[in-house]
Amino acid sequence: MSILGNIIWFIFGGLISGLSWCVAGLLWCITIVGIPIGVQCFKIAALTFFPFGKEVEYGGGAGSLILNILWLVISGLPLAIEHLVFGLILCITIVGIPFGLQQFKLAKLALMPFGTVII
């Protein structure tokens, strides 16, 4: 079931959302200091392209907190708003509710991407 969900997801929103994460990663990788943040963006982009069958566990320490605050101010809010808008649009129909819930999961991840583990 997750394969079918991932295929439908990729067509109806996953491609656009994943490309947004890739653009954010490329912009962060312009500077040497931002490369670790850009690498995390690319990991999350892979999750965004095909999220069904995967889980996200949150954790981390003080370093993750500092990076999450920096991330939230610079790139986190636009990506989170994008996922929230897509999620609300997808939840209009009954068929789109599972896809909307995935967008809400990604919106939370867009606010706190550091210290997370994708399973």
Side-chain angles (χ1 to χ4, degrees):
M1 184 65 186
S2 66
I3 294 172
L4 180 61
N6 280 327
I7 292 170
I8 296 171
W9 167 266
F10 187 77
I11 295 169
F12 293 108
L15 178 64
I16 295 170
S17 297
L19 288 176
S20 297
W21 279 97
C22 288
V23 168
L26 286 173
L27 290 175
W28 276 103
C29 285
I30 290 173
T31 65
I32 293 175
V33 176
I35 289 175
I37 298 172
V39 170
Q40 185 72 7
C41 287
F42 293 128
K43 290 178 189 175
I44 297 172
L47 170 72
T48 305
F49 284 130
F50 302 107
F52 287 96
K54 297 177 185 168
E55 293 184 23
V56 177
E57 290 186 5
Y58 294 93
S64 297
L65 176 65
I66 293 168
L67 282 175
N68 279 328
I69 292 170
L70 178 69
W71 167 261
L72 182 65
V73 171
I74 297 173
S75 299
L77 284 176
L79 286 171
I81 291 170
E82 173 191 349
H83 288 299
L84 285 174
V85 169
F86 283 160
L88 290 173
I89 291 170
L90 287 168
C91 284
I92 291 173
T93 64
I94 293 175
V95 176
I97 290 175
F99 302 108
L101 294 177
Q102 289 293 333
Q103 287 285 3
F104 296 143
K105 178 176 81 171
L106 291 169
K108 180 181 176 185
L109 184 62
L111 294 175
M112 301 179 297
F114 298 99
T116 59
V117 178
I118 299 170
I119 301 172

Identify the heavy atoms of [X] and [Y] that sit nearest to each other, and give their distance.
X	Y	result
S75	P78	O-CD, 3.3 Å
A45	G18	CB-O, 3.8 Å
I35	C29	CG1-O, 4.1 Å
K54	K105	O-NZ, 3.2 Å
G25	C41	CA-CB, 3.5 Å
S17	H83	CB-CE1, 3.6 Å

Pairwise side-chain contact, [X] with [Y], heavy-atom cut-off 4.5 Å (strictly under):
X	Y	result
L15	I11	no
L90	V95	no
L109	T48	no
I16	E82	yes
F50	F10	yes
Q102	F86	no
I37	L70	yes

[X]-[Y] co-clustered via ILVMFWY side chain contacts under 4.5 Å:
X	Y	result
V56	L106	yes
V23	I44	no
F99	F104	no
M112	L84	no
I3	W9	yes

Any side-chain to backbone donor/acceptor pair from T116 onto P113? Under 3.5 Å, distance only. yes
Within the distance-only criterion (no hydrogens, no angle test), does the side chain of W21 pair as donor or acceptor with the backbone N or O of Q40 below 3.5 angstrom? no
Should we say atom CZ of F12 is surrounded by more than 12 heavy atoms from elsewhere, each under 6.0 Å from it? no
I94, CD1 atom: more than 12 neighbouring heavy atoms under 6.0 Å: no
How are the rings of F114 and W71 set relative to one another: parallel (under 30°), tilted (30 to 60°) or perpendicular (over 60°)? perpendicular
Among N6, I8, I7, find the one that has a side-chain contact (heavy atoms from CB on, under 4.5 Å) with F52. N6
Could you walk me through whether S64 and Y58 pass the side chain to side chain contact (heavy atoms under 4.5 Å, CB included) check? CA-CA 10 Å; S64 297; Y58 294 93; over 6 Å; no
Working to the nearest 0.5 angstrom, can you tell me the gap between L101 CG and C91 SG? 5.5 Å
Starting at CG of L111, measure out to CG of L72 and round the result to the nearest 0.5 Å. 6.0 Å
